[in-house]
Amino acid sequence: MAEARIRRRDLARRLAGVAALSGLSALIGCDTPRHGSMPIVDGVQSQAAAKLHTCAACHGRQGVSRAEIFPNLAGQQKDYIIAQLTAFRDRTRQDRDAKAYMWGFAVRLDPMTMQDFAAYYAAQKPARPAAGDKAEIAVGEAIYKTGVADRGVLACAACHGERGEGNAEIPRLAGQHRDYLMVQLKAFASGARDNGAMSLVAKGMTLADIKAVATYMAGAS
Amino acid sequence: MTGPFSRARGSTLYLSALAALAMGGLALVVLAVGDLKSAEALPSFARQTGQQCVACHNGFPELTPYGRQFKLNGYTFSGGDAPALPIAGLIINSFTHTSKDLPEPALPTSSRNNNLDLDAVNLYFAGKITSNVGAFAQALWSPLTRRSQLFTTDIRYADSTELFGKDMTFGLSVNNNPGVTDPWNTGQSFWSYPYENSHVLIPPLASTAVQGRYALQVVGGTGYVSWNQWLYAAAGVYGGVDPSTLDALGINIRGLSPVDGAAPYWRLAVEPAWGHSTLELGTFGMALSSDPHRLTSAGTDKTVDVGLDTEYQYLADRHSLSLMGSYIHERTTQSASRALGFATSAHDELNAVNVKGTYNYDQTYGANLGYFRTGGSRDLLLYGAAANGSPNTSGWIGELDYYPFSRGGPSFWTTLNFKFGLQYTAYTRFDGGASNYDGLGRRAGDNNTLFLYSWTIF
């Protein structure tokens, strides 16, 4: 009996602990936006500024990411960022990294917040060009500017611009991470990232072509 | 098994077997009919971020670079449809077989060999509390120890700013486990390989302080900065907790030599990154005074641990590789222990080496191989259970893992996850010798262990 009473008291004490922890959470659970010293550009609402902190963990506060698996967003086309965030939210962009990282973050994004994110990153100074192998850059430049006719690879410049600056929903490529560009071209080729035009182009590219174009664009400004 | 525990032992074994079968059955059902959708890591984190397990983990619990950022930012990233309370659970089942029966059961509730156990039921409060405050708090109930208790608890404040034009994250953690704040898994505390081990074995006599000797027995604060995701520095201080408080929290008072006064902890690391690779190089350590066997009449012993560590990760779409290594040197000035007759030498040293490699295919199948060696000064009193007074233990640990839902759980229970591990430990030395280490003819190899375990995470 005494043992049972001790056990009951023990259980009550532990339940009280859990309840206290839960109560604490409920009390301080009101979500104060985190402004920090995040730079806020025109048009970025406080809610978006608070959430930019989360984006910055991978993409950098100024839109230049440290890890090459995460794309640089600095200077990216605003419409392209909005289109991609929408595709993450609607789960129509289905490459593996999109599923693993971005589907979750985008699930509750409203159009206004997307606009703010896109405006912020589009306004940042693009990443510094990366150095690369000169021979590879020359090959990449040729493919980028003129394509590979016999394999159906169209000139990248036709859509992405002479300097890789992009246009509206067509992304900026200049200064993007080489590794990220390669992963995306492979995803277009395999169909993991669904885009009719890019799939056609990427399927015609050899691994050497992909490496060369990615190196050229990573070094462009 | 006879004596006062026999009935409890019987019912525990029965319950454990039942739970193991139920979990196995559930796993099979889920695997058979599961329509793969979004997956979860520690499910409360995943519910909060909406992200897959693989975002943070390279075969959980090992962290990816992004997982390290999540931890350093105080578990506060969010995006998914998080419930009001970040609660998650983990049930651990296991089977342990040693080459030869143990000389005696490790616990009153276990057998000398072939233990089928429900090891623990864990409850987590883990996730964002405010935009800048988050927690990883764990409580567990174990039928093996017949205890419910508070386990690792790490409550953080974190924020970010810029320094010299680069991102900087900074924070403060209050926790009860020195080293648990670390974002790498190289050898501090007990969040390093092997991430699960049997609880019904008699462990080797020696390990260093920073490898978890004082886990749960202390409380302290650690401040940290991470600059440009390249440089990480942390410093903290820990102090002992009185036995009645530990008892109230259900924590078993391990060891007989609690920390006396303030025990500083420090950590410095750099992590260059390129392509799909990261390479961490660092150093860490702690210093502490302790009261041998809770006696203070002869003063205190002084212990200083200094560690070097490295972690290389290559994480790609299908193939992932990680290599880790740590070396810890521990020097103990044990004038108090010697005066009280607990040690023969005034100074003892320990060196611990741990290395491991992991290959994961598609974040679903994992193969690991690790080598461990702890060696140091002989001390016939301190290591009295070893026939020659030597703390030397070494061996290999291989493990095969299966993570069915790293990228997607079943549609009817998306927050359910599993890990199945098949582990084999081969000892080349145990408590000072390869043979007759206990003076009773037991060989190191008699402790070779086959260990199967499952984690059911929800």
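All chains are named by letter (A, B, ...) in the order of the sequence lines, taking the proteins before the strands, and each is independently numbered beginning at 1. Predicted model only: the values in this text are computed from it and were never measured.
- Across A/A100 and B/A55, no two heavy atoms sit closer than the pair O-CB, 3.7 Å.
- Here the straight-line distance linking atom NZ of A/K99 with atom CZ of B/R407 works out to 9.0 Å at 0.5 Å rounding.
- Remark: B/Y157 OH is packed, more than 12 non-hydrogen atoms of other residues, nucleotides or ligands lying under 6.0 Å away.
- Here the shortest heavy-atom pairing between A/A57 and B/Q229 reads O-NE2, 2.6 Å.
- Contact detail for A/R66 and B/W230: the closest heavy-atom pair is NH2-CD1, 3.6 Å.
- Proximity to chain B is limited to the side chain of A/V183, based on heavy atoms less than 4.5 angstrom apart.
- Of the listed residues (B/T278, B/D362, B/L315, B/L72), the greatest number of heavy-atom pairs within a distance under 4.5 Å of chain A belongs to B/D362.
- Of the two parts of A/Y180, neither the backbone nor the side chain holds a non-hydrogen atom closer than 4.5 Å to a non-hydrogen atom of chain B.
- A pairwise comparison of heavy atoms in B/Y66 and A/C58 identifies CD1-SG, 3.3 Å as the closest pair.
- The line from CG of A/D179 to NE2 of B/H276 is 3.5 Å long, rounded to the nearest 0.5 Å.
- Dense packing is recorded around CZ of B/R318, with more than 12 heavy atoms of other residues, nucleotides or ligands lying under 6.0 Å away.
- One distance of note links OG1 of B/T169 with CZ of A/R61; it measures 8.0 Å at 0.5 Å rounding.
- Scanning all heavy atoms of the two residues, the minimum distance from A/Y101 to B/V54 falls at OH-O, 4.3 Å.
- With rounding to the nearest 0.5 Å, the separation of CD in B/Q69 from OG1 in A/T54 is 11.5 Å.
- Enclosure of atom NZ in A/K211 is not indicated, since only 12 or fewer non-hydrogen atoms of other residues, nucleotides or ligands lie within 6.0 angstrom.
- Heavy atoms of B/Q363 lying under 4.5 Å from chain A are absent altogether.
- Taken to the nearest 0.5 Å, the NZ atom of A/K186 stands 9.0 Å off from the CG atom of B/D317.
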Under the criterion side chain to side chain contact (heavy atoms under 4.5 Å, CB included), I'd like the reasoning laid out for B/K166 against A/Q62: C-alpha separation, chi angles, the key distance, then a yes or no. CA-CA 9 Å; B/K166 303 289 184 187; A/Q62 309 289 352; over 6 Å; no

Step by step, work out the side chain to side chain contact (heavy atoms under 4.5 Å, CB included) result for B/Q51 and A/M102. CA-CA 7 Å; B/Q51 293 177 319; A/M102 289 307 299; over 6 Å; no

